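Here is the structure we will look at.
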Amino acid sequence: MLNTSPAPTVSTPAGHAEGVTNDEFRAALSWLAAGVVLVTAHEPPLDPEGPRGEDVGMTATSFMSVSLDPPLVMVSLREGSRMDDLLAEQPLWAVSVLAENQRQIAGRFAMKGRVSDRLLFADIPHVRGEASGALLVDGALATLECRTEQRVTAGDHTLVIGRVLTASVRGADGGPLAYFRGRYRQLG
């Protein structure tokens, strides 16, 4: 006789057919240490005759090298974020690899619901990149200027792959700022 009983059902957490909740995923990945960077771009003025455009910045821990030849890097941006929207229109951007003593900068640009990035940049020593026009933080361990080569939608994020136009090691003292278990940390 054939067994015609229905297949057993597997209970999965709400929202994810794959069986993992947002909290479980976040907790597991919190054990992966990541470097901390500040991604910057310059938003061109709406009116060429008007005031200079605005500088925009965001803290990122999802940043990585992709290729040596050609030199490519990738940053993951929350879909619909200000930086995602800007880089959809503006192909030039920059990255400052933050040093362990730049925790305050990382925290500033990780804040949600901030009013203006102009105020956040006001007291941070920086230079404007020649290739990108984006701000590069003084004291960063390294800086890169990039041009977007490709944008890939991945879930609720956009992966932005950029060709490195300039790369510089700034000669800062100390180690990198790291992000581990939900907090900024120093190595060592």
Side-chain angles (χ1 to χ4, degrees), residues 34-99 102-172 176-177 179:
V36 182
V37 301
L38 182 67
V39 179
T40 57
H42 183 74
E43 186 171 30
L46 295 173
D47 177 5
E49 305 290 322
R52 186 162 169 56
E54 191 168 341
D55 293 303
V56 177
M58 69 158 259
T59 301
T61 56
S62 294
F63 176 77
M64 63 182 280
S65 168
V66 174
S67 169
L68 183 60
D69 187 15
L72 299 174
V73 293
M74 184 199 75
V75 65
S76 179
L77 307 174
R78 185 176 39 83
E79 190 175 76
S81 68
R82 184 169 183 202
M83 187 63 74
D84 182 37
D85 292 344
L86 176 56
L87 294 188
E89 301 295 324
Q90 160 62 285
L92 298 173
W93 46 284
V95 174
S96 296
V97 178
L98 297 180
Q102 295 178 314
R103 181 183 307 210
Q104 184 180 20
I105 294 171
R108 275 186 194 191
F109 289 92
M111 291 186 307
K112 294 182 182 182
R114 58 187 189 260
V115 178
S116 168
D117 286 3
R118 181 178 49 82
L119 299 174
L120 298 179
F121 282 116
D123 64 345
I124 297 173
H126 60 270
V127 297
R128 189 167 299 282
E130 291 183 26
S132 66
L135 299 185
L136 303 169
V137 176
D138 287 354
L141 297 178
T143 59
L144 306 163
E145 292 183 87
C146 306
R147 182 184 64 241
T148 299
E149 292 273 311
Q150 188 175 3
R151 293 172 54 87
V152 179
T153 300
D156 59 0
H157 277 64
T158 303
L159 306 179
V160 179
I161 299 169
R163 181 180 294 254
V164 178
L165 304 173
T166 70
S168 174
V169 176
R170 300 292 208 190
L177 182 61
Y179 192 73

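For clarity, every value in this text was computed on a predicted model and none was experimentally measured.
Distance alone, capped at 3.5 Å, places no donor-acceptor pair between the Arg151 side chain and the Val160 backbone. Of the possible polar contacts, none joining the Thr61 side chain to the Ala34 backbone as a donor-acceptor pair under 3.5 Å is found.
Among residue pairs with one or both ends in residues 121-156, those qualifying as ring pair (Phe, Tyr, Trp, His ring centres under 6.0 Å) are Phe109-Phe121; sequence neighbours excluded. Applying the ring pair (Phe, Tyr, Trp, His ring centres under 6.0 Å) test to pairs two or more places apart or on separate chains, none has a residue in residues 64-85. Residue pairs meeting the side-chain hydrogen bond (donor to acceptor under 3.5 Å, both in side chains) criterion with at least one member in residues 137-147, sequence neighbours excluded: Ser132-Glu145, Glu145-Thr166, Arg147-Glu149. Residues in residues 65-85 take part in no ring pair (Phe, Tyr, Trp, His ring centres under 6.0 Å) pair, two or more places apart or across chains. Screening residues 62-74 for side-chain hydrogen bond (donor to acceptor under 3.5 Å, both in side chains) gives no qualifying pairs among residues at least two apart or on separate chains.
One finds the CE atom of Met83 at 10.0 Å from the CD atom of Gln90 (value rounded to the nearest 0.5 Å).
Closest heavy-atom contact between Ala106 and Leu98: CB-CD1, 3.8 Å. In plain terms, the two heavy atoms of Gly57 and Asp117 that are nearest each other are N-OD2, 2.8 Å. Taking all atoms of both residues into account, the shortest heavy-atom contact from Val137 to Gln102 is CG1-NE2, 3.5 Å.
Not counting sequence neighbours, the partners of Ala167 by the side chain to side chain contact (heavy atoms under 4.5 Å, CB included) test are Leu144, Val164. By the salt bridge (charged side-chain N to carboxylate O under 4.0 Å, His left out) test, Asp123 pairs with Arg108, sequence neighbours left out. Every residue meeting the ring pair (Phe, Tyr, Trp, His ring centres under 6.0 Å) condition with Tyr179, not counting sequence neighbours, appears here in chain and number order: Tyr184. Thr148 is linked by a side-chain hydrogen bond (donor to acceptor under 3.5 Å, both in side chains) to Trp93, counting only residues two or more places apart in sequence or in another chain.
Under the 4.5 Å side-chain criterion, counting only non-hydrogen atoms from C-beta, Leu87 is not in contact with Thr158.
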Side-chain polar contacts of residues 73-81 - donor-acceptor pairs under 3.5 angstrom, sequence neighbours left out - could you list them?
residue, atom, partner, partner atom, Å
Ser81, OG, Arg78, O, 2.9
Ser81, OG, Asp84, N, 3.2

Give every donor-acceptor pair under 3.5 Å between a side-chain atom in residues 36-46 and any protein atom, sequence neighbours left out.
residue, atom, partner, partner atom, Å
Thr40, OG1, Leu135, O, 2.6
His42, ND1, Asp55, OD1, 2.8
Glu43, OE1, Arg82, NH2, 3.3

